[in-house]
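Take a look at the structure below.
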Amino acid sequence: MKQDQCLIDVRDLRTYFFLDEGTVRAVDGVEFKIWHGQTLGVVGESGCGKSITARSILRIVPKPGRIVSGEIILYRRVGGNGNGQIDEIMLTELDPAGPVMRSIRGDEIALVPQEPMASLSPVHTIGNQIGEAIMLHQGVDKHVARAKAVEMLDLAGFPKPNERVDSYPHQLSGGLRQRAVIAMALSCHPSLLIADEPTTALDVTTEAQILRLMRSLQGELGMAIMYITHNLGVVAQMCEDVIVMYMGKVVEEGSVDALFHSPLHPYTKALLRSIPKLGQKRRGQRLESIRGSVPDPYTIPKGCSFHPRCTQRIRGVCDQAPPPWLEVEPGHKVRCVLYGG
Amino acid sequence: MLAYIGRRVLIMIPTLILISIVTFAILQLPPGDYLTSYAAQLRAMGEQVDDEALESLRERYGMGQPVYIQYGKWMWGIITRGDWGQSMEWQRPVSELIWEKLGLTVALAVFSMLISWLIAIPMGVYSATHQYSLPDYLMSTFSFLGVGVPAFLWALIIMYFAQSQLGLNVGGLFSEKYLNAPWSWDKVWDMFKHLWIPALIVAIENTAGELRTTRANLLDEVNKPYVELARAKGLSEGRLIWKYPVRVALNPFFSTVGWSLANRISSITLMSIVLSLQTTGPMQLRALTSQDMYLAGAVLLLLSALTVIGTLISDILLAWVDPRIRLEG
Amino acid sequence: MAESERALQVDARPDVEEEILLEAGATTSMGEEVYVAPPWKLMWWRFRKHKMALVSGVVLIILYFIALCCEFVAPYEPNEASIRFKQVPPTAIHIRDAEGQFHWPFIYQHDRSMDPESFLITYVEDTTIRYPIRLLVRGFEYKWLGRLTSDLHLFGLHPDAADKQGLFLLGTDRLGRDMFARVCYGARISLSMGLVSVFMSLVLGVLLGGVSGYFGGKIDAIIQRVIEFVRTIPTIPLYMTLSAALPMDWPVVRVYFGLTMILALVGWTWMARVVRGRFLAMREEDFVLAARLNGSSEMRIILRHMLPSFLSYIIAQLTLNIPNMILWETGLSFIGLGLRAPAISWGVLLQEAMNLRSLVLAPWVLVPGIAVVLSVLAFNFVGDGLRDAADPYAR
């Protein structure tokens, strides 16, 4: 449940990749907030910058990329619950390999990535990998760490965790592996869990189980989840609020209800329209798709980055200046000239 | 795991038998035999050769018999009595001549392998994690020296410089006084003092390739999701590189131990001839040129057997180190 | 109409939609050039990026030119022994004389003298007598490739200088033979042997590797066992044993071809491995399935569809195998089990260096070793470049 306290504040974040062929503006002026306990969905096509945004928060952007400008502020709760002290840490100022940032990674902010098989080391047991995070952040010894790892596996719905803790990833099924990865991410009770398309590599039934697990864990542990996905159905199930990204920018932001029932940005509308619905009455109709394709990352269109594919574009306006960021209703913002400015 | 090892050992046996057949067959190829070339030598020196005496010698050593009988007798001797035949040239049993040289060959090969790994692995890891830096380019350049210059050439160059600049003769694995002395700790120490140069030469030849392999394997692994996730857990860069991608990238090393040893033995053979080392190289050369059949055959067979054993060891090592293989059985 | 559907309605503007499609089409035509280039052109573009590979390619071309026209390049006959010029160090070439005047490149007359204390022969330059280096001179007669008779040489001295001074770019050996000429002639044998043996291993390797990869199953298993078995015997000891079987009294040409066959005996395994790997990977490719569904015969599929795509790998692997062949031949000849005098290969030349005493007196006899290193490195760089160009994603 979304609480009143802000946890992460991302301000005008720009993360660029400097390649021989040119500069890719993966994240190009992204702004949003994550509140304690909130489930925020981040939606967009492949290449829109959602993964890089997550990695920017964690300060693990791979070379040749780096954060060029902007700020990411973490509001960390110090002391036990109820003690109102808040630490304001500027993540963008920290040395990414330094001790402060490393103490935040895995402890305060954790990551659940896309492919569970590829995300676990094939030559170490899952107990070893989970225990490692525990020993690192909580300073306990091997035996205590192992016991805690078993606890976490149990929490993550692992059958027979005491035996399974010594298995290797290749001995587990896809769903179990993802549970192990989730257990690992939650082992230090982070305030923010970044889930980067955690169910994309799983089949639908396993996906449903994992989603259910994440919702219940969130309820139990009271953490915030930044849920990155391109699957709007999952967003509808899991998230309270949503931001829609296109080519490195946030184009729409609002509650999940507002977005699904009254979408504003033409891109959001097109996304929703392209979902085929069961029992559609109109037979013989083609599947809707968004015309054109995502532009070459080295040549960004002038003005609004969506205008070449937008059916509602206005010549002379949309291809000239970048559109303004407007609050159309309380909590519902959009980046489009159609709504004023 | 035991079943895995058991299976590998079983396969070894027919392989060894096949090698012995091939070895024996190849040795039959040159026309004539030891006695023919010995007689030719004598005639060239102007001595008289008694053909009858030659024939009786030939009979005594079973050289006139059909090939498969000779082979059978040879194998029987090896398996039942450990009798590898008689060296015509040295007039002594082969087994008296080969074991010490074989041992030294193996020692040299293994020692050079350890040196290679000690250099190649840290340098490879550094090279991969600090791509395009100056040390990376230097290591690449150095590794090309290893690729381009074969061991025997290094041996020649070093011999030249040692002799002309330092007045040293770097040949041989032992100093004068230990040459024919029985084994003792002093002799072992003396051997090591002489061993490190040849071992280093062979090591350089292979270090280049191993450095590139480490670097390439590591570059493959280092961008994989499990490394990223380890970073996202908060591990320091140094710890996570060695614990995760290096561990995985080193697997291929274990599986190539056998082949690496075979390669090194090859290089050692040539290099030993240049440096007059007491390994199998010079002995094999001599045996081949004088058609001393049993000696040459024993050398080839044993060297191949070494490789087979080496492959077995590397299979076991790999299974031990990689849980994916260990647990599949 | 449901509220959500109404929310999604936009004014249908088909003209705008068409515009969008046209524009999208326009931007892709820029990359058209890359899409229609034939594979060899793509390979060449990618190869060009490797500076080392290009430089090495030029080096190889020069080396093979020397190998091809060794009689033309060499100023003296390689087997011409001369006590007069025994163990002469490489002749220094000057462009400035003792007074500081610039001339066309020349050499001085060297006078031979013996040091009274060490009894070593030394050669002192007589700065009063100069011999300019001439290009395209007349020298000893030769028959190029057994056909063309000529006496033209790339460079040399005036014929009058013949008995007085020699132009020995790389010095002479124990018998007074010109090392430069010997290295050039050696290039012909060593470099050609590399090519011939690699070609033989190519035929065997492609055949067996292809059969292995294409048919799979039992045949594959058997061939794989054979490859493993061949690799199990350490190469040099094996080659030594096989070479010893070549009779002493065989003529040079027979020994040459016998040796190439021996070298190909292990060499084919590398090629077979690569070819098999490619076939296995390609069996799964969709375009092969498509061709099969189309009704193409197996032979057509192999020749027309599969072969072009792995030709580049084969060429790259070929280039990488040649240095091994050169090294093996050199090593075998060097210890006396390969080619023998009077044949001249770099390995045979290096035998001279085994004599420690004469090596110390005339270290330039190691120069064939440099030639070996140069060609091995050049082939490695070019091979690496080709392999990267063939498939930038492979290692």
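Just so it is clear: chains get the letters A, B, ... in the order the sequence lines come, proteins before strands, and each one is counted from 1.
- For chain B, the option among Glu115(A), His124(A), Lys63(A), Glu132(A) with the highest count of heavy-atom pairs below 4.5 Å is Glu132(A).
- Interface residue Pro122(A): backbone and side-chain heavy atoms are both found under 4.5 Å from chain B.
- With a 4.5 Å cut-off on non-hydrogen atoms, Met184(A) touches chain B through its side chain but not through its backbone.
- Side-chain contact between Arg102(A) and Ser236(B): present, with at least one pair of heavy atoms (C-beta onward) separated by less than 4.5 Å.
- Of all the listed residues (Gly106(A), Pro96(A), Pro62(A)), the one sharing the greatest number of non-hydrogen pairs under 4.5 Å with chain B is Gly106(A).
- Applying the salt bridge (charged side-chain N to carboxylate O under 4.0 Å, His left out) test to pairs two or more places apart or on separate chains, those with a residue in residues 103-113 of chain A are Arg76(A)-Glu108(A).
- Within residues 240-248 of chain B, the residues having any heavy atom under 4.5 Å from a heavy atom of chain A are, by residue number, Lys243(B), Tyr244(B), Arg247(B), Val248(B).
- Both the backbone and the side chain of Leu111(A) come within less than 4.5 Å of a heavy atom of chain B.
- Neither the backbone nor the side chain of Arg59(A) comes within less than 4.5 Å of any heavy atom of chain B.
- Under the rule for a salt bridge (Lys or Arg N to Asp or Glu O under 4.0 Å), the partners of Asp166(A) that lie at least two apart in sequence or sit in another chain are Arg146(A).
- Counting heavy-atom pairs closer than 4.5 Å to chain B, the top residue among Met117(A), Gln114(A), Arg55(A) is Arg55(A).
- Residues of residues 228-235 of chain B lying under 4.5 angstrom from chain A, judged on non-hydrogen atoms, are Glu228(B), Leu229(B), Arg231(B), Ala232(B), Lys233(B), Gly234(B), Leu235(B) by number.
- With chain B as partner, the option from Leu120(A), Ile194(A), Leu58(A), Ile109(A) having the largest number of non-hydrogen pairs under 4.5 angstrom is Leu120(A).
- In this structure, the portions of Ala118(A) lying under 4.5 Å from any heavy atom of chain B include both its backbone and its side chain.
- To the nearest 0.5 Å, the span separating OH on Tyr226(B) from OG on Ser121(A) amounts to 6.0 Å.
- The contact between Gln129(A) and chain B is made by backbone and side chain atoms together, counting heavy-atom distances below 4.5 Å.
- For Val181(A), the part lying under 4.5 angstrom from a heavy atom of chain B is the side chain only.
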